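Below: one structure in structure tokens.
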Protein chains: 2
Amino acid sequence: MVKNILKAKAKRSMKTKSKLTGSSMRAKQITINDIAHLASVSKKTVSRVINEIPTVNVEIRDRVNEIIKKTGFRPNPQARGLAFRKSFLIAMIYDNPNATFIVGMQAGILEALRGSGFELLVHQCERRSPRFVPDVREFVERLQPHGVILLPPISENPVLIQMLHEVGCPHVSVAAARIESAMHRVVSSDRDACAEVALHLTELGHKRIAIIAGPQGHRSATERLRGFTDALQNRGLLMPPELIAQGLYTFESGIQAAEKLLSVYPPPTAIFATNDEMAAGVYQVAHRLGIEIPLQLSVIGYDDNPIASRLWPPLTTIRLPIPLMARLATTPLISSGNAHLQQDVALVTPNLVVRHSTAPPSSKRSRNIRA
Amino acid sequence: MVKNILKAKAKRSMKTKSKLTGSSMRAKQITINDIAHLASVSKKTVSRVINEIPTVNVEIRDRVNEIIKKTGFRPNPQARGLAFRKSFLIAMIYDNPNATFIVGMQAGILEALRGSGFELLVHQCERRSPRFVPDVREFVERLQPHGVILLPPISENPVLIQMLHEVGCPHVSVAAARIESAMHRVVSSDRDACAEVALHLTELGHKRIAIIAGPQGHRSATERLRGFTDALQNRGLLMPPELIAQGLYTFESGIQAAEKLLSVYPPPTAIFATNDEMAAGVYQVAHRLGIEIPLQLSVIGYDDNPIASRLWPPLTTIRLPIPLMARLATTPLISSGNAHLQQDVALVTPNLVVRHSTAPPSSKRSRNIRA
DNA sequence: ATGCCAAAAGACACCGGTGTCTTTTGGCAT
DNA sequence: ATGCCAAAAGACACCGGTGTCTTTTGGCAT
């Protein structure tokens, strides 16, 4: 009798197949009821086996497990989600041009999710669009993910975070600063990292140091600028305003900023570009002007984008511990119980990666630069 | 009476909230039954309104829609999926170090998915792992996505594709060649693009041209090598074996290949690196050896990775129409009806982007290189 | 043999939607 | 007034799981 059920199912499946394009048709799904019939137990007992509830007779457990394995049964995720009132979905929401960062975070989140039963949904948005927050809201309400991870810079947006609170969606902000309103945060101490940059340059003997800051409104931009200038000040170096250029974290803005900075007199002997894209812009301008890095100009970037090590000379930069950040961002969202409801902050330290774009300032450089 | 139901619900919601951490608790979900009560119609009628079934009285339709809007009701995706026997999930599966390509495809797929009701799941895998295919199988069986998009090089794996057929999962292969076994394919004519590269170099007057090929087993590698050598042959140029180097699409392998190629005598006047990472390796070696690009050596890459335009001089390369490829990959999976069951092939043409890394060969270069 | 009780298993309702079949509604010809 | 019929709406089962409460099982003390 049990066998007949399976046969009937197989037949139906065949019929469906032949009606359509054959091999490409999805086979009839095996359900918990089929397993229950085959094992001659109730579906509830199968459910217990699936969820590893201990109050199941070992013999029955083994029998059910064997049938599950033999039939290749997988619980339907929709049904499971519906019954559990839980979506088993984590979403990563971003609006960020830095592909390396996105893919790195994505890989790390997937790694942290492995075996947890959760899956990763991605959602790209446009923070400059007037429909930015409503669009994300629509996404969150429609998908009802179990939690969302916000990448910078949208992770800093108070309106977005407020909306997530309103719709009751757990979230974690990955940012360069403690975003107070966010439920959970992973914060990288960009400020400390930039102090390290200042230290490195002053120890090499640089006195006239320029910085290309990030776009206004980005917390990472203010943190990096602040960390750098404060550290210089602690060492008795004041940053003259003409050596502070405004950038947009883009290659082109790096070029413009570099052109501006290298035309002041006396020119800086070192430039700290607050991301690698802008540092690449500095390289470009230096090449055009015939300025040799690091002999005539030291350059430091931020991110350890692949570009950094491809440039010539390889760029000294700051590396974010992306896999760690990804793990820290994921954990509070999938931790069991109500632990995930407690606010938490995880701090993470970026590291200086010294390559070949920095050297002591050379006395001959002011001559050469005029050429 | 209708109002009482709502009030009761609100009360229950409040109670739940106060028991837990308050604001961070997810609010009680509004369901189709609530809407039905409020509108004094059956849930089936609400269902009809949601799904825009035309056989609904306009007055009722408007009334229901207004209540939906006012309450902010969203159909539960799990319930919807369960009832429709459809997951509304598309998965992008990849194992690829090229972050730009991944994020680009991802953005394009998300764009194509916008408004369709489908969402994007991402899954990274390791094609070298012995558990590669079983792992993907587990993923596909567990999530039961409506379709999957395979990025190269796993898009070429016949065992993987066979498995997807077995479990009945619709899929599209994005690759540099027509993968016969795949259900749908988006193929870029890398061969033609590389012929264009050959044309460009020969027209500049190069006769001694080297190539750094991609890793064995990658279809893109064989296609690019073939397209290039065939085109040279058509112009009467035979590629001597010592000018064909084996690379792995990595920066380091580009360095090694360049070292080898630049040590043969007479050295090549141009190197076609079959991706930008390897081209960056060529730049690195050229810098170390004091070889000037493009005066003494022309270099061409492939991908139009951001690196290409950041290098100095900016690298001439091939650009894949990634947004188009993403759209073409997405459409067959979400098209309605059984249209998506018909195999299809979409062809796409990459373009040569000429920048500043190529120039006519210079007679003085063989002198300089010996230095 | 009987009663008691904890462990194991099952019955049944439910999660929140859709499909299918039936019933209601109301305009029109007779 | 009555019958007919298409359009509109509803009843009910179902998708495939889990939660809760009840029933069954079987070992042990009496």
Side-chain angles (χ1 to χ4, degrees), chain A residues 5 9 12 16 26-65 68 71-89 117 141-144 146, chain B residues 5 9 12-13 16 26-65 68 71-88 117 141-144 146:
Chain A
I5 289 168
K9 230 171 230 245
R12 216 183 325 157
T16 316
R26 198 172 284 257
K28 177 80 182 80
Q29 161 112 27
I30 294 166
T31 75
I32 198 171
N33 292 304
D34 300 324
I35 304 299
H37 282 133
L38 288 172
S40 306
V41 296
S42 72
K43 62 195 283 197
K44 182 67 216 188
T45 296
V46 177
S47 170
R48 288 195 181 97
V49 173
I50 295 170
N51 292 294
E52 298 181 330
I53 305 294
T55 65
V56 178
N57 184 307
V58 261
E59 283 174 36
I60 291 187
R61 171 161 59 71
D62 293 347
R63 190 167 83 223
V64 169
N65 271 327
I68 287 177
T71 54
F73 164 71
R74 306 276 172 172
N76 178 305
Q78 332 269 342
R80 226 170 120 76
L82 179 59
F84 271 130
R85 292 155 195 75
K86 203 170 165 180
S87 73
F88 294 102
L89 253 28
E141 288 189 333
R142 192 156 50 78
L143 273 293
Q144 302 172 11
H146 191 253
Chain B
I5 290 167
K9 231 172 230 250
R12 216 185 323 159
S13 168
T16 316
R26 199 172 283 259
K28 178 80 181 82
Q29 162 112 27
I30 294 166
T31 74
I32 198 172
N33 293 305
D34 301 324
I35 304 300
H37 282 131
L38 288 172
S40 307
V41 295
S42 71
K43 62 194 283 197
K44 182 67 218 188
T45 297
V46 177
S47 170
R48 288 196 181 95
V49 173
I50 294 169
N51 292 295
E52 298 180 332
I53 305 295
T55 64
V56 178
N57 184 307
V58 261
E59 283 173 36
I60 291 188
R61 172 161 58 71
D62 293 347
R63 191 167 83 224
V64 170
N65 272 327
I68 287 176
T71 54
F73 163 71
R74 307 275 172 173
N76 179 306
Q78 331 268 341
R80 227 170 119 77
L82 180 58
F84 271 129
R85 291 156 196 74
K86 202 170 164 181
S87 73
F88 294 103
E141 288 189 333
R142 192 156 48 80
L143 273 292
Q144 302 171 12
H146 191 252

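Because the structure is predicted, anything quoted here is derived from the model rather than measured. Per chain, numbering begins at 1; letters A, B, ... match sequence-line order. In what follows, every heavy atom counts, from backbone to side chain, and hydrogens, waters and symmetry copies are set aside.
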| task | Starting at atom CZ of B/Arg142, determine the distance to atom P of D/dG17, rounded to an integer number of angstrom. | result |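 Atom CZ in B/Arg142 sits about 14 Å away from atom P in D/dG17.
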| request: For each nucleotide in nucleotides 5-11 of chain D, reading 5' to 3', give B when a protein heavy atom comes within less than 4.0 Å of its base, S when such contact involves only the sugar-phosphate, and - otherwise. | output: ---SBBB
| What nucleic acid atoms does A/Arg61 come within less than 4.0 Å of, heavy atoms only: base, sugar-phosphate, or nothing? |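 A/Arg61: no heavy atom of the nucleic acid under 4.0 Å.
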| request: Using whole Å, report how far CG of A/Asn33 lies from C1' of D/dC14. | output: 11 Å
| task | For A/Arg85, enumerate each residue passing the side-chain contact (heavy atoms from CB on, under 4.5 Å) test, keeping only those at least two apart in sequence or located in another chain. | result | none
| query | Given the rule that a pair is Watson-Crick or G-U wobble with both distances under 3.5 Å, how would you write DNA chain C in dot-bracket, using | for pairs to a different strand? | reply | ||||||||||||||||||||||||||||||
If you look only at distance, which donor and acceptor atoms sit under 3.5 Å apart when one is on a side chain in residues 44-58 of chain A and the other is two or more places apart or in another chain?
residue, atom, partner, partner atom, Å
A/Thr45, OG1, A/Ser42, OG, 3.3
A/Asn51, OD1, A/Arg80, NH1, 3.3
A/Asn51, ND2, A/Ser47, O, 3.0
A/Asn57, OD1, A/Glu59, N, 2.8

| Interatomic distance, B/Ile35 atom CD1 to B/Lys43 atom NZ [nearest 0.5 angstrom] | 13.0 Å
| Taking atom P of C/dG17 as reference, at what distance in whole Å does atom CD1 of B/Ile35 sit? | 9 Å
| task | Provide, to the nearest angstrom, the distance between the CD1 atom belonging to A/Ile32 and the P atom belonging to D/dC15. | result | 14 Å
| task | Find the distance B/Ile30:CD1 to C/dC15:C1' and express it as a whole number of Å. | result |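 Going from B/Ile30 (CD1) to C/dC15 (C1'), I get 16 Å.
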| request: Applying side-chain hydrogen bond (donor to acceptor under 3.5 Å, both in side chains), name anything that partners A/Arg142, two or more places apart in sequence or on another chain. | output: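 side-chain hydrogen bond (donor to acceptor under 3.5 Å, both in side chains) check on A/Arg142 returns A/Glu138, B/Glu119.
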| field | Interatomic distance where CG belongs to A/Asp34 and C1' belongs to D/dG16 [whole Å] | value |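 Going from A/Asp34 (CG) to D/dG16 (C1'), I get 10 Å.
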| query | If every non-hydrogen atom of A/Gln144 is compared with every non-hydrogen atom of A/Ser87, which pair is closest and at what distance? | reply | O-OG, 2.9 Å
| said: Could you tell me if the side chain of A/Leu38 sits less than 4.5 Å from the side chain of A/Thr71, heavy atoms only? | reply: yes
| task | Indicate yes or no: at least one non-hydrogen side-chain atom of B/Val41 is less than 4.5 angstrom from one of B/Ile60. | result |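 Yes; the side chains approach each other to less than 4.5 Å.
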| task | Send over the distance from B/Phe88 CZ to D/dC15 P, rounded to a whole Å. | result |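 Nearest whole value for this atom pair: 18 Å.
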| query | What distance do A/Leu143 atom CG and B/Phe88 atom CZ have between them, rounded to the nearest 0.5 Å? | reply |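 Spacing of CG (A/Leu143) from CZ (B/Phe88) equals 11.5 Å.
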| Of all residues at least two apart in sequence or in a different chain, which pass the side-chain contact (heavy atoms from CB on, under 4.5 Å) check with B/Ala79? | A/Leu82, B/Asn76
| If you round to the nearest 0.5 Å, how far is CZ of A/Arg74 from CD of A/Gln29? |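 It is 11.0 Å, given to the nearest 0.5 Å.
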| Which of residues 76-86 of chain A have a heavy atom under 4.0 Å from DNA chain C? | A/Leu82, A/Ala83, A/Arg85
| request: Ignoring backbone atoms, establish whether A/Ser47 has a side-chain N or O less than 4.0 Å from OP1 or OP2 of D/dT18. | output: yes
